[in-house]
Amino acid sequence: MKKLIVILCVLSVSFVNAQAFIGNTDNKFQIGANFQDNATGINVSYDYGLGENISVGVIGAYALGVKEELDASFGDRFDIKGRFNAHLGSVLNVDENFDVYPGLNLSLKNFGGHVGARYFFSDGFGVFTEAVFPIAKYKTNITNPAHYIYNQFVVNIGASFNL
């Protein structure tokens, strides 16, 4: 019984030290899955804190599961984005392990926005989810359905790591 109490105390201390966004020089790496109409894939992102509530980053994604009738090329399946995030976790003050971050992104396919949330279980590991949507598409007269990959509403979910 004493061992169990000691283990619980150690774990609770590690949870107290976790923070979702610490501000300037914060480094986050995320890897996860993305889901959209007619495709699923993987994404990898990196965010760097510039200030108390601001970060910039890059995200790359590749669609693996694409319906055959789309006949998607590599260019259709791949996207890379630069992004800007406004971290509201400290403003909302829900929990220091929780962060909500709306933002804007500029990709190979569109100018868009996103809303995400992270929750850290420990100092180095957490989970995230994001909703990504286009605001202005570069090509408006799309005739090939494969061009809609990453040019539509996308949901990302996965693991987040402090670097």
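FYI, the numbering just counts along the sequence from 1. Owing to the predicted nature of the structure, the values given are computational and were not obtained by experimental measurement.
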Practice task
Applying side-chain contact (heavy atoms from CB on, under 4.5 Å), run through Leu106 and Phe84 and close with a yes or a no.
Solution key: CA-CA 9 Å; Leu106 186 62; Phe84 169 84; over 6 Å; no
Problem - Under 3.5 Å donor-acceptor, Tyr150 side chain and Ala63 backbone - result: yes
Handout entry: Distance-only side-chain donor-acceptor flag, Gln30 / Tyr46, under 3.5 Å
Key = no
Practice task
Examine distances only and state if a side-chain atom of Tyr101 and a backbone atom of His114 form a donor-acceptor pair shorter than 3.5 Å.
Solution key: no
Exercise for the section: Group every Ile, Leu, Val, Met, Phe, Trp and Tyr by side-chain heavy-atom contacts under 4.5 Å, then state whether Phe161 and Phe121 land in the same group. Expected result: yes
Problem - Pairs satisfying salt bridge (Lys or Arg N to Asp or Glu O under 4.0 Å), at least one member in residues 56-79, at least two apart - result: Asp79-Lys81
Handout entry: Nearest-0.5 Å distance, CG of residue Asn144 to OG of residue Ser73
Key = 8.0 Å
Practice task
Show your working on side-chain hydrogen bond (donor to acceptor under 3.5 Å, both in side chains) between Ser90 and Asn53 and close with a plain yes or no.
Solution key: CA-CA 8 Å; Ser90 63; Asn53 297 92; 2.9 Å; yes
Handout entry: Row check, Phe120 ring normal vs Lys28 NZ/CZ: under 6.0 Å, within 45°
Key = yes
Completion exercise
Residue pairs meeting salt bridge (Lys or Arg N to Asp or Glu O under 4.0 Å), one or both in residues 38-47, sequence neighbours left out, come to Asp47-Arg83, Asp47-Arg118
Exercise for the section: Could you check if a side-chain atom of Phe29 sits within less than 4.5 angstrom of a side-chain atom of Asn27, using non-hydrogen atoms only? Expected result: no
Handout entry: Heavy-atom side-chain contact between Phe35 and Asn156 under 4.5 Å
Key = no
Problem - side-chain contact (heavy atoms from CB on, under 4.5 Å) assessment of Ile149 paired with Asn38 - result: CA-CA 8 Å; Ile149 299 172; Asn38 298 318; over 6 Å; no
Exercise for the section: Quick one: which residue pairs count as a ring pair (Phe, Tyr, Trp, His ring centres under 6.0 Å) with a foot in residues 57-79, not counting sequence neighbours? Expected result: Tyr62-Phe74, Phe74-Phe78
Problem - Path from Val100 to Ile157 over hydrophobic side-chain contacts below 4.5 Å - result: no
Fill in the blank from the handout: For Tyr138 and Ser107 the tightest heavy-atom approach is OH-O, 3.0 Å
Problem - Asn162 side chain vs Asp123 backbone, donor-acceptor pair below 3.5 Å - result: yes
Exercise for the section: Would you mind reporting whether Leu88 and Pro102 have side-chain heavy atoms less than 4.5 Å apart? Expected result: yes
Exercise for the section: Please check if any side-chain donor atom of Asp26 sits under 3.5 Å from a side-chain acceptor atom of His87, or the reverse. Expected result: no
Exercise for the section: Give a yes-or-no answer on whether the side chains of Thr40 and Asn34 include a donor-acceptor pair shorter than 3.5 Å. Expected result: no
Exercise for the section: Using the rule that two of Ile, Leu, Val, Met, Phe, Trp, Tyr join whenever any of their side-chain heavy atoms come within less than 4.5 Å, decide whether Phe128 and Ile31 are in one cluster. Expected result: no
Completion exercise
Between Ala33 and Asn43 the two heavy atoms that sit nearest each other are O-ND2, 4.1 Å
Exercise for the section: Flag the pair Ile59 / Ile80 as yes when at least one side-chain heavy-atom distance between them is below 4.5 Å, and no otherwise. Expected result: no
Exercise for the section: Give a yes or no on whether the backbone of Ala117 and the side-chain of Asp99 come within a donor-acceptor separation of less than 3.5 Å. Expected result: no
Handout entry: Minimal non-hydrogen separation, Asn151 against Lys109, with atom names
Key = OD1-O, 3.7 Å
Problem - Same apolar cluster (I L V M F W Y, side chains within < 4.5 Å links), Leu104/Tyr48 - result: no
Problem - Joint cluster assignment, Tyr119 & Leu92, ILVMFWY side-chain distance < 4.5 Å - result: yes
Practice task
Taking all non-hydrogen atoms of both residues into account, name the closest pair between Val66 and Leu70 and its distance.
Solution key: CG1-CD1, 3.7 Å
Practice task
Would you confirm whether Glu130, through its side chain, and Val155, through its main-chain N or O, come within 3.5 Å as a donor-acceptor pair?
Solution key: no
